[in-house]
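Residues take their numbers from the sequence shown, with the count starting at 1.
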Amino acid sequence: MSWESIFKNIENLLKLITIIGPIIEFIEMLFGKVFPGQKKGEKKKALAMEWGRLIVSPEVGDEELSAMIEEEVAARNDSGEFTHCPQGF
């Protein structure tokens with residue numbers, strides 16, 4: 001692995017770290033207004049993956065991107081910032 005490759009990977013991770021939170025916040029707000037009270041977790045995740053793909057290079061795998069999204073959402077769930085809809089929605 002070359003230094004150029006290492007720096008490119010670091011650059012991609014920094015992009016993800018700085019932009020993934022705002023992307024998730026925007027998607028949560030958008031879905032909350034368009035689909036109030038409905039569970040749309042899979043659709044929100046798919047949209048976050050699609051937008052994340054626009055930002056990072058193809059060298060960042062889907063598994064890495066997915067894990068970062070899930071970690072960010074889990075942290076926000078744990079903090080109480082995001083809440084889950086009641087069952088049946």
*Taking side chain as C-beta onward, heavy atoms only, is I23 less than 4.5 Å from I55?*
yes
*Partners passing side chain to side chain donor-acceptor pair (under 3.5 Å) against K43 (at least two apart in sequence or in another chain)*: none
*List the atom of I24, the atom of I69, and the distance in Å for their closest heavy-atom pair.*
CD1-O, 3.9 Å
*Could you give the distance from NZ (K45) to CE (M49), rounded to the nearest 0.5 Å?*
6.0 Å
*asked:* Under the rule for side chain to side chain donor-acceptor pair (under 3.5 Å), what residues qualify as partners of E25, not counting sequence neighbours?
replied: R76
*All side chain to side chain donor-acceptor pair (under 3.5 Å) counterparts of E71, not counting sequence neighbours*: none
*Using the test side chain to side chain donor-acceptor pair (under 3.5 Å), find all partners of R53 that sit at least two apart in sequence or belong to another chain.*
D62
Give every donor-acceptor pair under 3.5 Å between a side-chain atom in residues 27-35 and any protein atom, sequence neighbours left out.
from : atom 1 : to  : atom 2 : distance (Å)
E28  : OE1    : K44 : NZ     : 3.1
E28  : OE2    : K44 : NZ     : 3.4

*Using the ring pair (Phe, Tyr, Trp, His ring centres under 6.0 Å) rule, collect all pairs that involve residues 49-79, keeping only residues at least two apart or in two chains.*
F26-W51
